[in-house]
Number of protein chains: 2
Amino acid sequence: MTEQHSTLRAQRRAETQRLLQTHAIRLFTERGYDATTVNDVAGAAGVSPMTVYRHFPTKEDLVLIDQYGQLIAEQIAASPAAQPLVRRIGGALIESARTLTGGRHGGDLTPNEQFLLARLRLMISTPALRAKHLDNHYALQQAIVAALDDDGAEPDTAFLAQAAASACLAAMHTALVRWAEDDGRTELPDLIAKAFAAAFGDDIVGTD
Amino acid sequence: MTEQHSTLRAQRRAETQRLLQTHAIRLFTERGYDATTVNDVAGAAGVSPMTVYRHFPTKEDLVLIDQYGQLIAEQIAASPAAQPLVRRIGGALIESARTLTGGRHGGDLTPNEQFLLARLRLMISTPALRAKHLDNHYALQQAIVAALDDDGAEPDTAFLAQAAASACLAAMHTALVRWAEDDGRTELPDLIAKAFAAAFGDDIVGTD
DNA sequence: ACCGAAGTGGTAGTGACTACCAGTGCGGTA
DNA sequence: TACCGCACTGGTAGTCACTACCACTTCGGT
């Protein structure tokens, strides 16, 4: 089956990517992002520098790669449209965060969360990564606007949606930074809710 | 006088910088940012590639350099503290935009606005520039938070201010993008006010 | 007339990234 | 089972942003 074929290929590919990413983030954390060359990462993972570029278009993508973008967009599309934009987007962001951090809390962090935290810390402290990450938010913003059924092609509606979406993402990002500074001790969804309350008023995001 | 001395030096330096920037933006607009090398810019301005780097730390800074950051921070610090964070920051941003676009409108764009528009268009369409510009917003956010008298070192207060500031800047950025797409036909302060209304509610920013 | 500091240019290098080319393993087919 | 094809890998050479480290000029102030 061509299905199985491509599945196997994809699996191996995913493994190599995870291997590269793990080594990269370890080295970046240890020695610093700028002080670590792509060659170093390749060497640590036991592959040639070429292979790194085959899997990740840029050095920055070794750290970034948010796959939650799609998750958030789906969450938005699935949410009821009959509510203020900010409330709608905020709810989706919080829900996505809950999914992302695993939903369970009170004990120690899961390896997944540790990994996420390490990446976040790098993203926050390294200018190049921070810049590209914020630019990714920009793309995510477009996805969110597209996911909001968009009542019309009327440019004004789109503009208002853009404004709301960008402000929401900014608030979420602030919560993410805080979460990283806190080493993940505070629950991420709560932090996002607090950030939204600070920016948009106490009543805008429900406690669900 | 040492004063006069350094003033003359600074003047000439500023002229060279403006020359370089003008040529750079013209070339970037004509051929595209990535397709234009720093050597090209240096050649067009009649200086050596080295000189470019003496005046601008990176190629991106040939386009970016927002000097309004300081203006906004001052505006914030001068605004009365007894009002909601978002309203306070929003007012300062709108006031800064009014200063920036010259205050006068209805006729044609000033050369200064043309220049600003050209840079904005580049910033929006070029990923590398967009990313760095958004990262500059991040620094600006810190400046804004610092300018808000900061009632206490209590981390929670700072977090709430960060959230509000980031959301405000995001809304402003959306307005800037819209302004550029509109070729500057709509008044920038009005666009910012509209963006704020969309994100934070109709009542949050006064019409002054 | 002279000194010193700022500005300029050159050279050689590093590191991210991109073609272009040649192997190599491994799944699916005859 | 032998063969074909294709994805994946590695190598080489090159571009370009950017960074030391160098010598030179120029020009304001003594």
Side-chain angles (χ1 to χ4, degrees), chain A residues 1-21 23-25 27-28 31-65 122 126-132 135, chain B residues 1-21 23-25 27-28 31-65 122 126-132 135:
Chain A
M1 292 288 265
T2 313
E3 290 302 313
Q4 200 176 8
H5 162 108
S6 52
T7 305
L8 282 174
R9 295 276 204 197
Q11 260 184 18
R12 222 163 343 164
R13 200 179 164 78
E15 269 178 47
T16 310
Q17 284 191 357
R18 225 173 41 99
L19 183 75
L20 276 170
Q21 226 179 347
H23 281 281
I25 284 158
L27 289 178
F28 291 162
R31 310 184 201 167
Y33 178 79
D34 291 321
T36 309
T37 70
V38 175
N39 273 18
D40 293 339
V41 176
V47 296
S48 94
M50 297 297 313
T51 305
V52 178
Y53 287 112
R54 295 251 155 66
H55 288 272
F56 298 90
T58 71
K59 183 185 178 187
E60 291 136 358
D61 288 307
L62 279 165
V63 180
L64 299 179
I65 307 184
L122 280 170
T126 310
L129 290 173
R130 194 176 50 213
K132 190 140 188 181
D135 192 50
Chain B
M1 293 289 263
T2 314
E3 290 302 313
Q4 199 176 8
H5 162 107
S6 51
T7 305
L8 282 175
R9 295 274 205 200
Q11 260 184 18
R12 222 164 343 165
R13 203 180 162 75
E15 269 178 46
T16 310
Q17 284 191 357
R18 223 172 40 100
L19 183 75
L20 275 170
Q21 227 178 345
H23 281 283
I25 285 158
L27 289 177
F28 290 163
R31 310 184 203 167
Y33 179 79
D34 290 321
T36 309
T37 71
V38 175
N39 273 16
D40 294 339
V41 175
V47 297
S48 94
M50 295 297 311
T51 306
V52 178
Y53 286 112
R54 299 214 201 276
H55 288 272
F56 299 90
T58 71
K59 183 185 178 185
E60 290 136 0
D61 287 308
L62 280 165
V63 180
L64 299 179
I65 306 183
L122 279 170
T126 311
L129 290 173
R130 194 175 51 213
K132 191 142 187 178
D135 191 51

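Chain letters run A, B, ... following the sequence lines, proteins first, then strands; residues in each count from 1.
Look at CE on B:Met50: it is 18 Å from P on D:dC16, rounded to the nearest Å. As rounded to whole Å, 12 Å separates atom C1' of C:dA16 from atom CG of A:Leu62. Computed from coordinates, the B:Phe56 CZ to D:dT19 P distance equals 15 Å when rounded to whole Å. In this structure, the CD atom of B:Gln17 is 13 Å from the C1' atom of C:dG7, given to the nearest Å.
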B:Leu62 and B:Val52: CA distance, side-chain angles, deciding distance, side chain to side chain contact (heavy atoms under 4.5 Å, CB included) verdict: CA-CA 9 Å; B:Leu62 280 165; B:Val52 178; 4.2 Å; yes
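DNA chain D is contacted by both B:Arg12 and B:Tyr53; B:Tyr53 maps to the nucleotide lying nearer its 5′ end (nearest heavy atom per residue).
Smallest separation of non-hydrogen atoms from B:Ala128 and B:Glu60: CB-OE2, 4.1 Å.
Going from atom CD1 of B:Ile25 over to atom CD of B:Gln21 covers 5.0 Å, rounded to the nearest 0.5 Å. In this structure, CD on A:Glu15 lies 7.0 Å from CZ on A:Arg18, to the nearest 0.5 angstrom.
The side chain of A:His55 places no N or O atom within less than 4.0 Å of a non-bridging phosphate oxygen (OP1 or OP2) of D:dC8. Remark: A:Arg13 is in phosphate contact with D:dC8, judged by side-chain N or O atoms under 4.0 Å from OP1 or OP2.
Counting non-hydrogen atoms under 4.0 angstrom, B:Arg54 reaches a base of the nucleic acid.
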